[in-house]
Amino acid sequence: MLLGTFFHSLDAKGRVFLPAKWRQELSDEVIVTRGQEKCLFVITSGRFGEIAEQMAGMSETKKDMREYGRMFYGAASEEQVDRQGRMNVPAPLREYAGLSKEVVLVGAGKRVEIWDRGAWQQHLSQIEGQYEEITERLEV
């Protein structure tokens, strides 16, 4: 399980270090794609396959399904995690998420989210006061 929040910097080549505690789970190949709220999702190849299976069971006659698939699959990039624990973040995805040099990696259970540090701080300040209300709506 991918947990915690980590502050890192993108290097000059657009790579980011993955926290040591995540490297075993995210070793070898990962998939980076568009997330919601202008962040990026990083998931294992296995998890990507699970999502693809779920999506395959949904009707492609529905416009929302086609649009979601275009955004999710069309932006997806297979990336290798190197021996130092670095992962490339492709330029189009960095642009989509508005990533500057300073980024935040957020463990979200089965995925990692990569946020621009300023965007993360703004998002967090907006939702922190709503945590209880969100919990009630989700019946967690």
Side-chain angles (χ1 to χ4, degrees):
M1 183 160 299
L2 301 159
L3 304 172
T5 301
F6 301 88
F7 297 86
H8 287 278
S9 298
L10 289 174
D11 69 13
K13 295 181 179 179
R15 297 174 299 189
V16 66
F17 277 98
L18 296 174
K21 65 190 303 185
W22 293 350
R23 289 182 194 161
Q24 184 173 357
E25 189 166 344
L26 299 174
S27 63
D28 300 324
E29 186 177 88
V30 295
I31 309 296
V32 184
T33 193
R34 293 176 187 227
Q36 283 81 42
E37 293 86 35
K38 291 287 190 175
C39 73
L40 302 179
F41 287 175
V42 179
I43 54 181
T44 64
S45 295
R47 177 68 181 136
F48 190 82
E50 291 170 8
I51 293 169
E53 283 183 36
Q54 291 171 348
M55 290 176 66
M58 297 177 184
S59 175
E60 290 183 5
T61 63
K62 303 240 182 240
K63 185 174 189 218
D64 284 346
M65 185 60 219
R66 292 190 310 273
E67 296 295 354
Y68 183 81
R70 288 180 189 119
M71 297 298 284
F72 188 75
Y73 292 121
S77 180
E78 297 172 318
E79 299 296 331
Q80 300 296 319
V81 178
D82 70 16
R83 290 183 188 156
Q84 289 80 32
R86 295 174 300 192
M87 178 197 77
N88 181 55
V89 181
L93 289 171
R94 292 194 312 263
E95 185 177 325
Y96 162 79
L99 299 184
S100 60
K101 184 172 177 67
E102 301 301 316
V103 297
V104 180
L105 294 110
V106 179
K110 293 183 178 183
R111 71 175 182 272
V112 170
E113 296 181 352
I114 302 177
W115 291 77
D116 176 75
R117 186 177 289 197
W120 171 249
Q121 290 170 337
Q122 183 178 15
H123 181 74
L124 195 57
S125 70
Q126 290 173 349
I127 64 164
E128 279 182 321
Q130 301 173 27
Y131 187 61
E132 252 181 59
E133 296 162 16
I134 293 168
T135 303
E136 286 181 29
R137 283 194 307 267
L138 294 175
E139 299 177 17
V140 175

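Values below: all heavy atoms of this structure, side chains included; hydrogens, waters and symmetry mates excluded. Everything numeric in this text was worked out from a predicted model, so none of it was measured. For this chain, numbers begin at 1 and follow the sequence in order.
- To the nearest 0.5 Å, atoms CH2 (Trp115) and NZ (Lys38) are separated by 11.0 Å.
- Between the CD1 atom in Ile43 and the CZ atom in Phe48 there is a gap of 6.0 Å [rounded to 0.5 Å].
- Within the structure, salt bridge (Lys or Arg N to Asp or Glu O under 4.0 Å) pairs that include any residue of residues 78-92 comprise Asp82-Arg86 (at least two apart or interchain).
- Residues forming a side chain to side chain donor-acceptor pair (under 3.5 Å) with Glu25 (at least two apart in sequence, or on another chain): none.
- Residues passing the salt bridge (Lys or Arg N to Asp or Glu O under 4.0 Å) test with Arg34, sequence neighbours excluded: none.
- Screening residues 106-116 for salt bridge (Lys or Arg N to Asp or Glu O under 4.0 Å), with sequence neighbours left out, gives Arg111-Glu113.
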Indicate every side-chain donor-acceptor pair of residues 68-75 with a distance under 3.5 Å to a residue at least two apart or in another chain.
| from | atom 1 | to | atom 2 | distance (Å) |
| --- | --- | --- | --- | --- |
| Arg70 | NH1 | Glu67 | OE1 | 3.3 |
| Arg70 | NH1 | Glu67 | OE2 | 3.2 |

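- Applying the 4.5 Å side-chain rule to ILVMFWY residues, one finds Leu3 in the same cluster as Met1.
- Here the CZ atom belonging to Arg66 is positioned 14.5 Å from the CE atom belonging to Met58, to the nearest 0.5 angstrom.
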Check: residues 122-133 side-chain donor-acceptor pairs under 3.5 Å, at least two apart:
| from | atom 1 | to | atom 2 | distance (Å) |
| --- | --- | --- | --- | --- |
| Ser125 | OG | Gln121 | O | 3.4 |
| Ser125 | OG | Gln122 | O | 2.8 |
| Gln130 | NE2 | Gln126 | O | 3.1 |

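- Through direct or indirect side-chain contacts shorter than 4.5 Å among Ile, Leu, Val, Met, Phe, Trp and Tyr, Val81 is connected to Leu2, Phe6, Leu10, Val16, Leu18, Trp22, Leu26, Val30, Val32, Leu40, Val42, Met87, Val89, Leu93, Tyr96, Leu99, Val103, Leu105, Val112, Ile114.
- Listed by chain and residue number, nothing satisfies the side chain to side chain donor-acceptor pair (under 3.5 Å) test with Thr5 (two or more places apart in sequence, or in another chain).
- A heavy-atom distance below 4.5 Å is found between the side chains of Arg23 and Phe17.
- Arg47 meets the side chain to side chain donor-acceptor pair (under 3.5 Å) test with Glu50; sequence neighbours excluded.
- Within the structure, every pair that satisfies the salt bridge (Lys or Arg N to Asp or Glu O under 4.0 Å) test and touches residues 93-109, not counting sequence neighbours, is listed here: Glu102-Arg117.
- By the side-chain contact (heavy atoms from CB on, under 4.5 Å) test, Ser27 pairs with no residue at all, sequence neighbours left out.
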